[in-house]
J.: 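Would you mind keeping the following structure in view while I ask a few things?
Below, chain A is the first sequence line, B the second, and so on; all start at residue 1. Computation of the quantities below employed the complete heavy-atom set of this structure, encompassing side-chain atoms and omitting hydrogens, waters and symmetry-equivalent molecules.
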Amino acid sequence: MNTVKNAPQRHSSSVPNVLSTLSQTFGKMNQYPFLKWGMLIIGLPVYVISFIIYLMKRKDDAYQRLWHELHQACTDAGLKEKLITKHLEQQRRKQTFFQQKIDELKIKQVAEKRAEDEFLQIVEDKVQEELAQRGENQLTFSGIMRTLLKHPVFVVLTFIPGLLFYILIFLYMNPYIKYIFERLVSTLFVIIGVAFFVFTILYISPFDPAANILGVTATKEQIATFNQIYGLDQPYWVQLWQAIQGIFTFDLGASFAGNENVVDAIARKIPITLFLTFIALILAVVIAIPIGIISATRSNTFLDYTLMFVALIGLSIPNFWQGLIFILTFSIELQWLPATFTPGNLLSIIMPAVVLGTGLMASIARMTRSSTLEVIHEDYIITARAKGLNERRILWRHAFGNALIPIITVIGLMFGGMLGGAAVTEKVFNISGIGSYIVDKQFIPDIPAIMGGVVYIAITISLVNLFIDILYAFIDPRIRSKMKQY
Amino acid sequence: MSTHKDSLLKKFALKATSEYTQANFALVVSIALTLIFLLAGIDFSAGAIKPFFFTLFIAYAVFSIIQAFIAYQVKRDLKRDGVIRASTRIWGYIQLLSVLVGNIFTTAFAFGLIKKKKNPQYLFTMFMLMTQFYCLAVSALNLFKPYVANTFLMGMFLLLVIFVFQLVVLFLVIKDKGQSPKWKLYVGILLIITSFTGNLFALALGLFMLLEVLSKTPSTVAKWYTIWEKIASNMTAMLGLFFILFIFTLSICSYWTFDYDMAIENNYGATLQMPSLAYPLGTDNFGRDVFSRIVFGARISLIVGVLSTLIPFVVGGILGAISGYYGKRTDNILMRLLDVLYAIPGILLAIVIIAAFGASTTTLVIALSVGSIPTYARTMRANVLMISNMEYVMSARALGASNLSIIFKQIVPNSLAPMIVKATLTIGGAVIATSSLSYLGLGIEPHIPEWGNILKVGSAYLESHSYLAIYPGIAIIALVLSFNFLGDGLRDALDPKLD
């Protein structure tokens, strides 16, 4: 018997807790115009119901009643007349002071306008004061919604029609989920933007793929058939919509030349490029971070200068030249490594990975040096030293972790450049990755193939950056605290 | 006690004297070059020596030994007396001879060693002379060709006259006691006129002389002077600047002293020649002189590099300034739009634009520019956000200045420094991107001499004629490295944190 009695009690005490957070989050979200309109669109049924309740409640609103009462009282007390005289006097004095001509009619108009404004302000102030004394709030629509959202009955009744609305508020209840959700939305926006941009550029191109593929001898009918098959005769917006739809449904149709499925081809080639990039990334991180730390701990020595000089050369070498020199030295003269890449042969991935990773290696080494140098001059490192910790412990336990944050940013930023730069490296080493696929297709121009390649690379980059951002949110306490206060 | 203080001074002298670090830097680079020439001078498979590179190796080795000796002397002097002795400085004159073998590192050091009190004017004069000298020397190589351009003699004569004039300027600058006499006005004007050859050191020097004579306010002179001094004291930055301006001068002078036909006309009588005096870097598969092609290629690399940095600098700068100054919704919308551009890697974006509008120099410049707008906009926005909260901006606002005047008079001038540094550092990237795209067949038309195009030809003859691929690559690296050195130097000079 007891347990049965207790159960609903516990239930009722926990529900308002969730609901009060719900109502609070709603209040916070309502401050941002973008979110406000978004919620209105998503949760229209909820808003309609609340609006009806609002209209009903407004009739016996304390604020309205008070306002009328106090307005009447003030008018009766002759406050308005007093104000008019005061403003008339003020205007006259002002005009005399500036030695302007006194225009009675104008002065009267201005004075009446100002007196009216001040009168309303005084009434408003008094109403607010009175309300505050009585402990009541002014009835506003958002206020009504907030109180309604605290009512379990209201929430349960509107839960089904306003499901999306409640899900949105729920996402915003937890700062982490809110952050991830917002980043996801902006990533989605970026992806659509990229697709729109790339498609539009290729659409306004003066080249005619049909003429390029069918040759100069093609008749008008042949070209028209070609355009019809690939949907090139349709208006811009239809083509754009199909392209964006195709990107999300992984169906971009067939490429103009060769008539192969674009998404299949891309799916075959992207793993090779990603694998190459990944190996290059690992190589760069493993080599560059120790170099940067050595440079920072022995700053301004001969070793430091040499390492940084080499890093600067690494930044200045064009990928394709480095690739050619590597082939010349290691494949042709020394015959240590194969000159072209063959899948499955791990030896053949070494040269492309080193070439692709050189720029990143140099950037990471320079960044590691400067960020470590910055960190080891911070006060907390001095504190750690004063505590008597040995240098090694200071470096690895206290300095390294904090120096790593900007390095990860650099890696994230450079990752995109690497995927793009892979096109050149792939051409040099004859790797059939996504980069060389795009380069091969651009001469036609094969619109679906180029767009698919570029957009899927952009998606990969966006997702990697999204991942790094989210990683930050959990690692960096500064971002964490910033996230919670919005 | 006094000895202790003395030794402290000497210890300090070793670190504070710029000559000491510069001596070591020049020594190390010189030794490295010597070793590279040694490796290039020996044909390991045949067990023979290549005469040209081996001679170079010997010459560099001699100057490296002299440099090592000077470095030792400098160190000893500083340890013993705390100053460099006059007898050590004399050695600078001998080391100056290394200008003849093209060792700019030891030459630049020697110039610095000779004069005890170096002002930026002196250093700029030195680099101006070096630029002119090497430009003359490289142009003179054309004398070994079967024929030269019609304007060759006139051009060479003009360059020689300018060189002699600049030598005179050098003596005037050395004798200058720091007043601003009247001759500076005329010499300054003449120097500015001679800078039409592309020798911007002369332009800078001339402008500074005019500024010194004409300026009524000493503070402007002093302001420029400090920036100059900082850049001039940074040897690597100056060497970077030197190489860039050398290439620039050469690409302008090549209008008179080089024959364009050599670089583009096919000559089937002389295909794939090995390097010789007539063809210093050999010829390619169409018999075109690779040396001339590289010289003419510099023009395109510089133009494309500079333009595709300037356009995003201006466009991105304006967008960033608007975004940072107006904030809120404007900022949000602009930055989200730029995020779209930012998500596409630069090279891929360039490929897309070139695919749509065809491969040409104009498309290339636009393609490279569009991709780097977001980074400039972000840099500018961050600067503007920081500066618009400064007190002087608030005071301008309180004085009733309009938004436009605040942006252009207060915010933009004060946020330019990081942008300039960024631009210098990204010109190198643009040069690499240009040649990469040409290498892929997407950049400049293949017959036009451009470094990427030369390399593309070279890559086909990697096994038999590897020099075709090596030399243009070295030219690219040297130019990009110079921009990077200059950018690093500018950052150090303009960064107020390091003051």
J.: Looking at Val190(A), Ile192(A), Leu324(A), Ile459(A), which makes the most heavy-atom pairs under 4.5 Å with chain B?
T.: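 The candidate making the most pairs under 4.5 Å is Leu324(A).
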J.: Contact part of Val28(B) toward chain A, heavy-atom cut-off under 4.5 Å: side chain, backbone, both or neither?
T.: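 For Val28(B), the side chain is the part near chain A, not the backbone.
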J.: Can you confirm whether Tyr72(B) is buried at OH, in the sense that more than 12 heavy atoms of other residues, nucleotides or ligands lie under 6.0 Å from that atom?
T.: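 Atom OH in Tyr72(B) is not crowded, with 12 or fewer foreign heavy atoms closer than 6.0 Å.
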J.: More than 12 heavy atoms of other residues, nucleotides or ligands under 6.0 Å from CZ of Phe278(A): is that the case?
T.: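 Open.
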J.: Non-hydrogen atoms of chain A under 4.5 Å away: do they reach the side chain of Tyr439(B), the backbone, both or neither?
T.: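 Just the side chain, heavy atoms under 4.5 Å.
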J.: Can you say whether Ile461(A) sits under 4.5 Å from chain B via the side chain, the backbone, both, or neither, judging by heavy atoms?
T.: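 Looking at Ile461(A), just its side chain touches chain B.
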J.: Any side-chain heavy-atom pair from Val262(A) and Lys441(A) closer than 4.5 angstrom?
T.: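 No - every pair of side-chain heavy atoms lies 4.5 Å or more apart.
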J.: Counting only heavy atoms closer than 4.5 Å, note whether Ile457(A) contacts chain B via side chain, backbone, both or neither.
T.: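 It is the side chain, since no backbone atom gets that close.
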J.: Can you tell me if Thr375(B) and Arg378(B) form a side-chain donor-acceptor pair at under 3.5 Å?
T.: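 Absent: no donor and acceptor within the cut-off.
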J.: Side chain from CB out, backbone as N, CA, C, O: work out which of these in Val455(A) comes under 4.5 Å of a heavy atom of chain B, or both, or neither.
T.: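 It is neither, since no heavy atom gets under 4.5 Å.
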J.: Name the option with the most non-hydrogen atom pairs under 4.5 Å to chain B; the candidates are Gly416(A), Gly420(A), Ser205(A), Ser316(A).
T.: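 Looking at each option in turn, the highest pair count goes to Ser316(A).
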J.: I need the residue from Leu419(A), Leu312(A), Ile450(A) with the largest number of non-hydrogen atom pairs under 4.5 Å to chain B.
T.: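 Option with the greatest count: Leu312(A).
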J.: Just give me the residue among Ile470(B), Ile344(B), Leu341(B) that pairs up with chain A most often, heavy atom to heavy atom, under 4.5 Å.
T.: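 Heavy-atom pairs under 4.5 Å are most numerous for Ile470(B).
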J.: Picking from Met451(A), Gln442(A), Gln322(A), which has the most non-hydrogen pairs under 4.5 angstrom with chain B?
T.: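 Going by pairs under 4.5 Å, I would pick Gln442(A).
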J.: Using non-hydrogen atoms and a 4.5 Å limit, figure out which bit of Tyr342(B) sits close to chain A: side chain, backbone, both or neither.
T.: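 Only the side chain of Tyr342(B) comes within 4.5 Å of chain A.
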J.: Under 3.5 Å, is there a donor-acceptor pair linking the side chains of Ser438(B) and Glu450(B)?
T.: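 The answer is yes; a qualifying pair exists.
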J.: Taking all non-hydrogen atoms of both residues, which atom of Thr425(A) and which atom of Pro352(A) are closest, and how far apart?
T.: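 That would be CG2-O, 3.8 Å.
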J.: Kindly indicate whether the side chain of Ile444(B), heavy atoms from C-beta on, has any atom under 4.5 Å from the side chain of Leu364(B).
T.: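 Heavy-atom side-chain distance check passes, below 4.5 Å.
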J.: Parallel, tilted or perpendicular, judged at 30° and 60°: which one describes the rings of Tyr467(B) and Tyr471(B)?
T.: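 Judged by the thresholds at 30° and 60°, the geometry between Tyr467(B) and Tyr471(B) is tilted.
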J.: Given side chains that start at C-beta, do those of Thr236(B) and Asp488(B) come closer than 4.5 Å, heavy atoms only?
T.: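 No. Closest side-chain heavy atoms not under 4.5 Å.
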J.: Take atom CZ in Arg298(A); do more than 12 heavy atoms of anything else shown fall under 6.0 Å from it?
T.: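 No, not enclosed.
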J.: Could you look at Ile317(A) and say if it's the side chain, the backbone, both or neither that has a heavy atom under 4.5 Å from chain B?
T.: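 Both parts, backbone and side chain.
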J.: Of the listed residues (Leu348(B), Ile347(B), Ile477(B)), which shares the most heavy-atom pairs with chain A below a 4.5 Å separation?
T.: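 Heavy-atom pairs under 4.5 Å are most numerous for Ile477(B).
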J.: Please flag which part of Ile332(A) lies under 4.5 Å from any non-hydrogen atom of chain B: side chain, backbone, both or neither.
T.: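 The answer is the side chain of Ile332(A).
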J.: Quick check on Asn24(B) against chain A: is it the side chain, the backbone, both or neither that has a heavy atom closer than 4.5 Å?
T.: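 Neither the backbone nor the side chain of Asn24(B) comes within 4.5 Å of chain A.
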J.: What part of Phe309(A) is in contact with chain B, defined as an atom under 4.5 angstrom from a non-hydrogen atom: side chain, backbone, both or neither?
T.: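 Only the side chain of Phe309(A) comes within 4.5 Å of chain B.
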J.: Is Leu338(B) in contact with chain A via its backbone, its side chain, both, or neither, using a 4.5 Å heavy-atom distance?
T.: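 Contact with chain A is absent: no heavy atom of Leu338(B) under 4.5 Å.
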J.: Taking side chain as everything from C-beta outward and backbone as N, CA, C, O, which of these in Arg329(B) sits under 4.5 Å from a heavy atom of chain A? Side chain, backbone, both or neither.
T.: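 The answer is the side chain of Arg329(B).
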J.: Could you tell me how the ring of Phe196(A) sits relative to the ring of Tyr236(A): parallel (under 30°), tilted (30 to 60°) or perpendicular (over 60°)?
T.: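 Ring orientation of Phe196(A) relative to Tyr236(A): perpendicular.
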